[in-house]
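Report on the structure given below.
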Number of protein chains: 2
Amino acid sequence: MTRRRGLTSPLALSVLATLSEGPMHPYEIARLLRHRGKDQSIKIRYGSLYTVVQNLEKRGLVATAGTARAGRRPERTVYRLTDDGQEELEDRLRELVGRPVKEYPAFEAALSLAGVLPPDEIIGLLADRVRLLDVELAGARAALRELIAEQRLPRIFLIESEYAVAMKQAEADWVRGLIEELADGTLEGVDHWRTWHRTGEFPAEWMERGWAKTDRAMHPESEVDEPG
Amino acid sequence: MTRRRGLTSPLALSVLATLSEGPMHPYEIARLLRHRGKDQSIKIRYGSLYTVVQNLEKRGLVATAGTARAGRRPERTVYRLTDDGQEELEDRLRELVGRPVKEYPAFEAALSLAGVLPPDEIIGLLADRVRLLDVELAGARAALRELIAEQRLPRIFLIESEYAVAMKQAEADWVRGLIEELADGTLEGVDHWRTWHRTGEFPAEWMERGWAKTDRAMHPESEVDEPG
DNA sequence: CGTTCTATATTCGGCTACGAATATGACGGA
DNA sequence: TCCGTCATATTCGTAGCCGAATATAGAACG
């Protein structure tokens, strides 16, 4: 009945993973992860790191292996992975690889609120986005090529970057498609959206539909006492 | 010189966006967003909602429009969007639509640490993932069809879901490709990864490469005082 | 050998997120 | 009418996240 709550952050996982290579102190963990470019896929904040390690210690997933000092620099606490920690690490990794978790990308949120701006402005913004995505893609691909060709780093160490590139490419492609549908009016509703912004009035044609009615019903004009 | 820090959460943005339709109290905002299915693209937590609204008030982006009560139920504070709030809303939306922001999906983190498990187990887990993604995709597509055909909801109100579906599809496709490359050994390094897990020894062939050397150098065996 | 810059190593305080608790009204059935 | 349950509406405490500050050592430069 050991409680398995919390400590689910990617940072916590990366700490366990790194310690599975041998005892280390927190700063060293961060340095290694950075050196390997893992900070591109995992958000590493020094402020968080030390708290996370302490919490992992509380749960018995890591333990202090001793303290060391070089010269008169501040004392470093060296941690090691416990058996429980190794088990947790593997369990969480299995979970994370084996099943998708619901996430909330900022762009999805933005799309869901895009109605606030008029469609023609949105088209321009989406075009900006595509341009920037293309630049990022070119950069990321060049970096990958460099690491593989010059540094002779096996591709297997770079799958997470290849994944990121693939997703970025998919997004760019999808946005390009959306821009087209918006521009040529293929996408059902854009015309009404446009006139709605021009006139400020909710399209009469939509009023009739069921979803519009229940939507209105959600927002009763309630009597309000003016403040002050 | 008004400081424009913080309050960048999607939830805050959705509050502003919803209030741009008229004054409301926090619970009503949440209800509307839920009714419209926006809670699929934006994480809505009641605990957070009230804090967010208060902070928005502090920054002058929303203001209390009065208080209302129905019967003897707890008093509700009704908020309205200020002019500053409307401006902020549009600015942030432009930013969010127009430029990609770096994000850290859990799966990317998992991939970057996947070396902890042996490759053949990873292949199995990836297969699980693909299966689950396919199920989710079927469900999401069915839901979209239902809303468009039965409810006669214009597609424009559903772009965020279409985006989510497209991204999920892209991920499923990419993972399928990865599984193949892992299974048939096309991906450079899998063989060494496999023997490394079997023997516990870092492959000699890799030792020679520059990246492996600097990696070792990152982790000096430091003298450690045993504790207790 | 002073100065400045960067790398090392960690602490601290404030803010944010969010689960859980609270309190009331409305509705439906036995 | 009494009771259970659902919807309404909000507060509170805690746990975690993270920017910024702190302090020291070595390296580079003139």
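Sequence lines set the chain letters: A, B, ... in the order given, protein chains first and strands last, and positions in each chain run from 1. Values reported hereafter were calculated over all heavy atoms of this structure, with side chains retained and with hydrogens, waters and symmetry mates removed.
If you measure from atom CZ of A:R31 to atom C1' of C:dT8, you get 8 Å, rounded to the nearest angstrom. The CD atom of B:Q54 sits 14 Å away from the C1' atom of D:dA9 (whole-angstrom rounding). Distance OH (A:Y27) to P (C:dA7): 8 Å, rounded to an integer number of Å. Across the protein-nucleic acid pair, A:R76 atom CZ and D:dA25 atom P stand 13 Å apart, rounded to whole Å. Atom-to-atom, CD of B:E28 to P of D:dA9 comes out at 8 Å; the value is rounded to the nearest Å. Put simply, CZ on B:R45 is 22 Å from P on D:dG13, counting in whole angstrom units. Atoms CZ (B:R59) and P (C:dT16) sit 6 Å apart, rounded to a whole Å. In this entry the distance linking CD1 of B:I29 with P of D:dA9 reads 12 Å, nearest Å.
Dashed line: the shortest gap from a side-chain N or O of A:K43 to OP1 or OP2 of D:dC17 is not under 4.0 Å. At least one side-chain nitrogen or oxygen of B:S48 sits closer than 4.0 Å to the OP1 or OP2 atom of C:dC18. For the OP1/OP2 pair of D:dA15 and a distance below 4.0 Å, the side-chain nitrogens and oxygens of A:N55 include no atom meeting the criterion. Here B:Y50 does not reach the OP1 or OP2 of D:dT11: none of its side-chain N or O atoms lies under 4.0 Å away. Look at B:H25 and you won't find any side-chain N or O under 4.0 angstrom from OP1 or OP2 of D:dT8.
Ring geometry for B:Y27 against B:Y46 counts as parallel: the plane angle stays under 30°, on a 0 to 90° scale with 60° as the upper cut.
Here the nucleotide nearest the side chain of A:Y46, chosen from C:dT10, D:dT10, D:dG16, is C:dT10.
Residues A:L113 and B:L93 come closest through the heavy atom pair O-CD2, 3.4 Å. Of all the heavy atoms in B:Y79 and B:L19, the pair that sits closest is O-CD2, 3.6 Å.
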Test A:Y163 against B:E171 for side-chain hydrogen bond (donor to acceptor under 3.5 Å, both in side chains), laying out the working first.
-> CA-CA 8 Å; A:Y163 169 74; B:E171 181 181 317; 3.1 Å; yes
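Contact check on A:R155 versus A:E160 returns no salt bridge, with no Lys/Arg side-chain nitrogen under 4.0 Å from an Asp/Glu carboxylate oxygen.
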